[in-house]
2 protein chains.
Amino acid sequence: MSKKSNSKVLAGLERVGGFASAQELHLVLNRDSESIGLTTVYRALQSLVDEKAVDILRKEDGEAIFRLCGATHHHHLVCKSCGKTVEIEGGVIEKWAEQSGAENGFRDIGHTAEIFGICAAC
Amino acid sequence: MSKKSNSKVLAGLERVGGFASAQELHLVLNRDSESIGLTTVYRALQSLVDEKAVDILRKEDGEAIFRLCGATHHHHLVCKSCGKTVEIEGGVIEKWAEQSGAENGFRDIGHTAEIFGICAAC
DNA sequence: ACCCATAATGAAAATGGTTGTCATTTTCAT
DNA sequence: ATGAAAATGACAACCATTTTCATTATGGGT
Ligand SMILES: [Zn+2]
Ligand SMILES: [Zn+2]
Ligand SMILES: [Zn+2]
Ligand SMILES: [Zn+2]
């Protein structure tokens, strides 16, 4: 029966596209007339992470954010002033992370990387 | 005057050696007859992070942990299981960030990048 | 269809790290 | 010494997440 809430949450993540926090997801789902409780969203996300259908990361402030596993992986260039965001190709980073991890005997390697600055308009 | 609490906290971090949470640090400091409030520990850590004297990372549960940081810019490879940390040379990343930013007309470019995985011992 | 054991759900309360408030204390220049 | 400004810390507020617990849905056995 947890199947139902799991697929609701997965659908929500698809709709969102990229990362979303549990609470954002809860809002999105209920906005679209999918009645689901916040607790259940947390539980569904937890089990989806356990079965590796969903990735979990942490924002700088410590809040957990989730995304579909296998969603196209990319990185962001964000303007510190106006928030404008550009999606960046990160092939170099993927190699760097894999290689650095492997050289040090690590497995299950993941990474985070963000670029920030001031955009031309600001 | 924040100098005083900052150096107390730095001393605490030295004593601890590796990573410590704000609350652990608060305990350690007061155990060693350094009377300092928890709020002040948080503030000192915050300002030390701002001035890049201290690194901040997140445990899996989202709690912030801190440690002394060398002056040279570098990145981290962290074990998700035991917390073991390796400092990584990030020349590739610096170039990637600078170039991606410049290509999109951004200036004052900075970046964050972390690698995580499971270490050989775990 | 009916029972019942079991799992799922979600509202509300509890938890816990972190941040905000504000009165008090310390520092420092005059 | 005096006042302004910065620093401090006890306490309360905040907020994401977890725990409780009462209710509801599910599904197999009869
Ligand atoms: Zn901008
Ligand atoms: Zn994106
Ligand atoms: Zn990447
Ligand atoms: Zn390890």
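In the text below, chain A, chain B and the rest are named by the order of the sequence lines, each starting its count at 1. For clarity, every value in this text was computed on a predicted model and none was experimentally measured.
With D:dT18, C:dG10, C:dT19 as the choices, the nucleotide that has an atom nearest any side-chain atom of B:Q46 turns out to be C:dT19. With C:dT9, D:dT18, D:dG9 as the candidates, the nucleotide lying closest to the side chain of A:Y42 is D:dT18. Of the candidates D:dT8, D:dT17, C:dT18, the closest approach to any side-chain atom of B:S5 belongs to D:dT8.
C:dG17 atom C1' lies 16 Å from atom NZ of A:K59, rounded to whole Å. A:K4 places its NZ atom 9 Å from the C1' atom of D:dT26, with the value rounded to the nearest Å. As a whole-Å value, the separation of B:H26 NE2 from C:dT19 P is 15 Å. In this structure, the CG atom of A:D61 is 12 Å from the C1' atom of C:dT19, given to the nearest Å. Regarding B:E63, its CD atom lies at a distance of 7 Å from the C1' atom of C:dG17, rounded to whole Å. The interatomic distance linking B:R43 (CZ) with C:dG17 (C1') rounds to 16 Å, in whole Å. Straight-line distance from the CG atom of B:L45 to the C1' atom of C:dG17: 13 Å, rounded to whole Å. Taking atom CG of B:L38 as the reference point, atom C1' of C:dT19 lies 11 Å away to the nearest angstrom.
With a cut-off of 3.5 Å on both pairing distances, the Watson-Crick or G-U wobble partner of C:dG10 is D:dC21.
Looking only at atom types and distance, the side chain of A:S47 has a donor-acceptor partner in the side chain of A:N6 under 3.5 Å away. Defined by atom type and a distance below 3.5 Å, a donor-acceptor pair is missing between the side-chain atoms of A:E98 and A:H111.
Judged by distance alone, the side chain of B:H75 and the main-chain N or O of B:A113 form a donor-acceptor pair under 3.5 Å.
Within 3.5 Å, no donor on the side chain of B:T40 pairs with an acceptor on the base of D:dA7, nor the reverse.
The phosphate of C:dT19 has neither OP1 nor OP2 within less than 4.0 Å of any side-chain N or O from B:T39.
Taking 4.0 Å as the cut-off between side-chain N and carboxylate O, B:E87 and B:R67 count as a salt-bridged pair.
Other residues sharing the hydrophobic cluster of B:L38, ordered by chain and number and joined by side-chain separations under 4.5 Å: B:Y42.
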